[in-house]
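Below is one structure, written out as structure tokens; the observations come after it.
Just so it is clear: chains get the letters A, B, ... in the order the sequence lines come, proteins before strands, and each one is counted from 1.
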There are 2 protein chains.
Amino acid sequence: MSKAAQRAYTAIRDSILSGEYEPGTHLTESDLAKFIGVSRTPVHDALLHLKADGLVDMQRNQGARVKSYSDRDIDELYELRAYLEGYGTEMAATYRKDSDIEALENLAIEMETLGDAESTEELYELSRLNSEFHKIIVDASESELLKTLLSNLVEMPLEVLKKRTWSGRLNRQRSNEQHRDIIEALKQRDPKWARAVMYGHLISNRPLPEAD
Amino acid sequence: MSKAAQRAYTAIRDSILSGEYEPGTHLTESDLAKFIGVSRTPVHDALLHLKADGLVDMQRNQGARVKSYSDRDIDELYELRAYLEGYGTEMAATYRKDSDIEALENLAIEMETLGDAESTEELYELSRLNSEFHKIIVDASESELLKTLLSNLVEMPLEVLKKRTWSGRLNRQRSNEQHRDIIEALKQRDPKWARAVMYGHLISNRPLPEAD
DNA sequence: TTGGAATATTTTGTATACAATAATTAATAC
DNA sequence: GTATTAATTATTGTATACAAAATATTCCAA
């Protein structure tokens with residue numbers, strides 16, 4: 001993607017993910033163009049890209065609106081992510097290299113070290129390490145298609161789902177133990193175990209909708 | 001999508017799927033625009049759409065090329081389709097309505113009637129009925145996300161994979177019996193059976209690469 | 001007031017002109 | 001004759017102008 005279009009894309013995307021542009025908001029091309037400092041053309045390209053990402057809806061002659069996801073949609077998304085990443089982990093058990101195991105073990109240690117972290121920076125670092133952990137495994141599946149499918153699924157929920165909270169459900173020690181199980185399954189090249197434990201890991205740690 | 005852009009999209013898409021534009025071919029915007037009879041703008045939009053579909057690759061300042069898929073890529077695609085549609089069928093076993101069963105049974109009968117068809121039209125009709133069969137089931141899963149994921153996966157292979165042949169592997173009677181099994185599993189609302197038989201159906205009937 | 005038609009405004013879709021980058025060809029040195 | 005560099009061409013990226021469509025407003029009548 002080219003300079004201006006890329007700039008427009010990340011600018012709009014960030015504003016959506018941060019919640020600045022709420023679901024349902026109409027995104028006027030000329031306004032965005034003026035604000036970002038480019039012409040309408042790259043803004044239009046950016047909106048098409050965001051549509052492909054599933055972050056906006058576009059209707060004929062009515063432009064783009066920030067897409068809104070129902071609780072049900074988000075449940076589906078987490079379930080599908082768990083299902084697909086389970087599959088990826090099964091593949092990874094076959095194709096993983098020793099260097100992958102090494103990298104995963106280092107990440108596991110780092111995450112365990114941050115076990116009782118509370119500060120925002122530390123929590124952000126924890127999240128980053130966790131993403132890296134999952135990325136290594138999906139990459140090890142050696143399925144390009146799966147990688148693209150999952151990257152589309154995984155990116156969004158992280159931010160769109162600010163509405164959801166883990167509200168105490170997230171047990172970090174349990175999560176760390178599951179990481180160790182995943183590593184062990186991959187180490188032993190046990191596809192079924194790997195799949196089951198990854199699926200369980202993702203399902204058990206998923207955030208639930210507020211029960212208001 | 002708007003008139004001109006839609007026209008450009010279908011025109012280019014058809015040319016790719018029919019094989020007229022071979023993998024690797026560079027798609028020049030101005031040439032396409034002149035040929036289709038619109039300006040470059042809707043052609044550019046169409047190319048972005050096709051990129052999202054996975055039918056073309058785009059590199060910065062180098063425009064679009066028809067994407068080429070390796071045998072390995074296509075294997076992955078079939079495997080993932082089977083895996084996801086298995087999941088969808090599992091869901092469908094829970095959410096299916098009686099009218100779905102009825103529609104599936106009617107389609108099964110029609111396909112069985114065309115059992116020993118040979119003519120091109122009849123084979124095309126058979127393919128259409130089969131697509132309809134699978135669509136009803138995925139729709140019955142009531143997962144919007146799954147529907148969009150699968151529609152992106154399923155559309156392409158049908159045509160891109162002209163290179164592949166079933167070369168006698170496709171046993172129509174077996175396929176029809178599997179259809180009956182799928183219907184029965186859905187009728188009895190047996191999710192695991194439904195998933196297993198759909199997965200087996202898709203895997204056993206998938207075309208394999210030429211063993212040249 | 002309220003409803004609806006006509007008008008005006010806004011916004012998107014399309015075409016085209018220009019700028020920036022990549023690809024190609026020509027020219028030069030060795 | 002070949003390789004490397006410079007000049008040229010082609011192609012994409014961006015901006016802007018115009019057309020078409022949708023939305024909002026005004027005006028008038030009941």
Side-chain angles (χ1 to χ4, degrees), chain A residues 1-69 148, chain B residues 1-69 148:
Chain A
M1 221 174 186
S2 45
K3 264 181 305 196
Q6 179 65 46
R7 209 145 66 83
Y9 173 73
T10 54
I12 300 167
R13 187 171 191 277
D14 288 350
S15 295
I16 293 175
L17 293 181
S18 76
E20 186 184 345
Y21 298 151
E22 289 180 21
T25 308
H26 180 90
L27 300 173
T28 307
E29 291 184 359
S30 42
D31 290 354
L32 290 170
K34 203 187 301 178
F35 183 71
I36 299 169
V38 297
S39 81
R40 272 182 57 210
T41 311
V43 169
H44 184 71
D45 284 8
L47 290 175
L48 288 176
H49 192 166
L50 290 165
K51 180 190 170 198
D53 288 349
L55 285 176
V56 307
D57 269 332
M58 292 184 86
Q59 297 236 330
R60 186 173 179 130
N61 289 322
Q62 294 177 195
R65 287 184 180 282
V66 179
K67 197 162 171 178
S68 57
Y69 286 92
T148 61
Chain B
M1 221 174 187
S2 46
K3 264 182 303 198
Q6 180 64 46
R7 209 146 63 83
Y9 173 72
T10 54
I12 300 168
R13 186 171 191 277
D14 289 350
S15 295
I16 293 175
L17 293 180
S18 75
E20 186 185 343
Y21 299 149
E22 290 180 19
T25 309
H26 180 89
L27 300 173
T28 307
E29 292 184 0
S30 42
D31 290 354
L32 290 169
K34 203 186 303 178
F35 183 72
I36 298 168
V38 296
S39 81
R40 272 181 57 210
T41 311
V43 169
H44 185 71
D45 284 8
L47 290 175
L48 288 177
H49 193 165
L50 290 164
K51 180 191 170 195
D53 288 349
L55 285 176
V56 307
D57 269 331
M58 292 184 86
Q59 297 237 327
R60 187 170 179 133
N61 290 320
Q62 293 176 204
R65 286 183 180 283
V66 179
K67 197 161 169 178
S68 57
Y69 286 92
T148 60

To the nearest angstrom, how far is [X] atom [atom1] from [N] atom [atom2]?
X	N	atom1	atom2	result
Asp31(A)	dT10(C)	CG	P	11 Å
Asp45(A)	dG13(C)	CG	P	12 Å
Lys51(A)	dT12(C)	NZ	C1'	14 Å
Tyr9(A)	dT14(D)	OH	C1'	20 Å
Gln59(B)	dT11(D)	CD	P	17 Å
His26(A)	dA22(D)	NE2	C1'	10 Å
Arg60(B)	dA22(C)	CZ	P	8 Å
Lys34(A)	dA15(D)	NZ	P	15 Å

Nearest to the side chain of [X], heavy atoms from C-beta on, is which of [options]?
X	options	value
Ser39(B)	dA15(C), dT12(C), dT12(D)	dA15(C)
Arg40(A)	dG13(C), dT14(C), dA22(C)	dG13(C)
Ala4(B)	dT12(D), dT14(D), dT14(C)	dT14(C)
Gln62(B)	dG13(C), dT23(D), dA23(C)	dA23(C)

Sugar-phosphate only, base, or nothing, as touched by Thr41(B) at under 4.0 Å among non-hydrogen atoms: base
Sugar-phosphate only, base, or nothing, as touched by Leu27(B) at under 4.0 Å among non-hydrogen atoms: sugar-phosphate
Residue pair Tyr9(A) / Asp53(A), side-chain donor-acceptor N/O under 3.5 Å: yes
Calculate, to the nearest 0.5 Å, the distance between atoms [atom1] and [atom2] belonging to [X] and [Y] respectively.
X	Y	atom1	atom2	result
Arg65(A)	Met58(A)	CZ	CE	12.0 Å
Lys3(B)	Asn61(A)	NZ	CG	8.5 Å
Leu48(B)	Asp45(A)	CG	CG	5.0 Å

Any Lys3(A) side-chain N or O less than 4.0 Å from OP1/OP2 of dT21(C): yes
Ile36(A) vs Ile12(A) side-chain heavy atoms within contact, under 4.5 Å: yes
